[in-house]
Amino acid sequence: VQLQASGGGLVQAGGSLRLSCAASGRSFSSYHMGWFRQTPGKEREFVAAISWSGSGTVHADSVKGRFTISRDNAKNTVYLQMNSLKPEDTAVYYCAAGRVLVRAQDKYDYWGQGTQVTVSS
């Protein structure tokens with residue numbers, strides 16, 4: 001599975017962005033998908049994950065109520081809708097695919113290249 005993240009950019013605090021992660025390969029719908037983010041000097045952290053069917057989701061406490069993960073298996077794409085953005089959400093966001101629906105990044109098998117999100121105050 002190859003993953004291509006997009007949709008990042010510069011937005012003011014309180015604004016919204018929607019990230020997309022397009023996957024190649026016929027097995028996309030069999031993978032759980034996750035979003036992670038990383039800022040310079042910090043470890044990559046879990047943001048959200050969604051089951052292969054889309055019926056199960058989990059969000060980090062720091063984004064719960066503001067971010068929503070979703071997927072469209074017909075389009076081989078997973079999304080991260082980000083609302084009420086804060087400066088502390090500034091990071092490079094990565095999508096990942098794995099066989100287990102977990103927060104632990106070492107359980108994900110495939111990673112996208114990352115897309116930069118910058119939130120100005």
Side-chain angles (χ1 to χ4, degrees):
V1 177
Q2 291 186 322
L3 305 174
Q4 180 76 34
S6 62
L10 174 64
V11 64
Q12 288 188 334
S16 298
L17 281 175
R18 188 176 80 158
L19 304 184
S20 299
C21 176
S24 63
R26 294 175 293 177
S27 59
F28 170 76
S29 60
S30 66
Y31 283 91
H32 304 307
M33 298 296 296
W35 284 100
F36 294 79
R37 65 187 182 186
Q38 188 171 25
T39 55
K42 294 186 177 181
E43 291 189 358
R44 190 159 51 189
E45 65 172 353
F46 170 80
V47 175
I50 188 166
S51 64
W52 65 269
S53 66
S55 61
T57 62
V58 58
H59 296 79
D61 288 344
S62 59
V63 305
K64 200 170 294 183
R66 300 188 298 121
F67 292 10
T68 303
I69 189 171
S70 62
R71 68 189 296 163
D72 185 339
N73 286 343
K75 296 182 178 179
N76 279 12
T77 303
V78 62
Y79 305 98
L80 185 67
Q81 178 66 45
M82 305 186 295
N83 299 328
S84 302
L85 282 160
K86 303 175 181 180
E88 52 263 43
D89 295 318
T90 295
V92 176
Y93 284 72
Y94 299 88
C95 57
R99 295 293 192 182
V100 184
L101 184 64
V102 292
R103 299 170 184 253
Q105 56 182 302
D106 61 351
K107 299 299 184 184
Y108 287 81
D109 303 312
Y110 303 97
W111 291 84
Q113 86 291 359
T115 184
Q116 176 71 48
V117 172
T118 303
V119 184
S120 63
S121 57

(request) Test Ser20 against Tyr79 for side chain to side chain contact (heavy atoms under 4.5 Å, CB included), laying out the working first. (result) CA-CA 5 Å; Ser20 299; Tyr79 305 98; 3.4 Å; yes
(request) Might you point out which heavy atoms bring Leu101 and Gly56 nearest each other, and give the distance in Å? (result) CD2-O, 4.4 Å
(request) Classify the angle between the aromatic ring planes of Phe36 and Trp111 as parallel (below 30°), tilted (30 to 60°) or perpendicular (above 60°). (result) tilted
(request) Check the surroundings of atom CD in Gln2: do more than 12 heavy atoms from other residues, nucleotides or ligands lie under 6.0 Å from it? (result) no
(message) Any side-chain to backbone donor/acceptor pair from His59 onto Val47? Under 3.5 Å, distance only.
(response) no
(request) Compare every heavy atom of Ser30 with every heavy atom of Arg99, then report the nearest pair and how far apart it is. (result) NH1-OG, 3.0 Å
(request) Without swapping roles, check the side chain of Asp89 against the backbone of Ala13 for a donor-acceptor pair under 3.5 Å. (result) no
(message) Does the structure place the NZ or CZ of Arg37 under 6.0 Å from the centre of the six-membered ring of Tyr94, at an angle of no more than 45° from the ring's axis?
(response) no
(request) Given side chain to side chain contact (heavy atoms under 4.5 Å, CB included), test Thr90 with Thr39 step by step and report yes or no. (result) CA-CA 7 Å; Thr90 295; Thr39 55; 5.6 Å; no
(request) Identify whether the distance between the nearest side-chain nitrogen and carboxylate oxygen of Asp61 and Lys64 falls below 4.0 Å. (result) yes
(request) Search all heavy atoms of Leu3 against all heavy atoms of Ala97 and return the closest pair with its distance. (result) CD1-N, 3.8 Å
(message) Count I, L, V, M, F, W, Y as connected when their side-chain heavy atoms are under 4.5 Å apart, and connections chain through other members. Are Leu10 and Leu85 then in the same cluster?
(response) no
(message) With rounding to the nearest 0.5 angstrom, report the CG to CZ distance, Leu17 to Phe67.
(response) 9.0 Å
(message) Among Arg71, Met33, His32, exactly one meets side chain to side chain contact (heavy atoms under 4.5 Å, CB included) together with Ser51. Which residue is that?
(response) His32
(message) Tell me if a side-chain donor or acceptor on Thr115 pairs with a main-chain N or O of Ser6 at a distance below 3.5 Å.
(response) no
(message) Using side chain to side chain contact (heavy atoms under 4.5 Å, CB included), reason through Gln12 and Val119 one step at a time and then give a plain yes or no.
(response) CA-CA 5 Å; Gln12 288 188 334; Val119 184; over 6 Å; no
(message) Can you tell me how far apart CD (Gln116) and CD (Gln38) are? Round to the nearest 0.5 Å.
(response) 11.0 Å
(request) Answer yes or no: is there a side-chain heavy-atom contact under 4.5 Å between Leu80 and Tyr93? (result) yes
(message) So does Gly25 get a backbone contact from the side chain of Asn76, meaning a donor-acceptor N/O pair under 3.5 Å?
(response) yes
(request) Take Ser24 and Val1 through the test side chain to side chain contact (heavy atoms under 4.5 Å, CB included) and record every step on the way to the result. (result) CA-CA 6 Å; Ser24 63; Val1 177; 5.6 Å; no
(request) Would you mind reporting whether Tyr110 and Cys95 have side-chain heavy atoms less than 4.5 Å apart? (result) no
(message) For residues Phe46 and Val92: do they belong to one hydrophobic cluster (side chain heavy atoms under 4.5 Å, members Ile, Leu, Val, Met, Phe, Trp, Tyr)?
(response) yes
(request) State, to 0.1 Å, how close Ala23 and Phe28 come at their nearest heavy-atom pair, and which atoms those are. (result) CB-CD1, 3.2 Å
(request) Compare every heavy atom of Val78 with every heavy atom of Ser70, then report the nearest pair and how far apart it is. (result) O-CG2, 3.0 Å
(request) With rounding to the nearest 0.5 Å, note down the distance linking CZ in Arg66 to OG1 in Thr68. (result) 10.5 Å
(message) Between Thr77 and Asp72, do the side chains contain a donor N or O and an acceptor N or O under 3.5 Å apart?
(response) no
(request) Output yes when a side-chain donor or acceptor of Tyr108 lies under 3.5 Å from a complementary backbone atom of Val102, and no otherwise. (result) yes
(request) Assess the side chains of Arg18 and Gln81: does a donor N or O sit below 3.5 Å from an acceptor N or O? (result) no
(message) Give me the atom names and distance for the closest heavy-atom approach of Asn83 to Ser16.
(response) OD1-OG, 2.9 Å
(message) Are Val11 and Ser120 packed together at the side-chain level, in the sense that at least one heavy-atom pair is separated by less than 4.5 angstrom?
(response) no
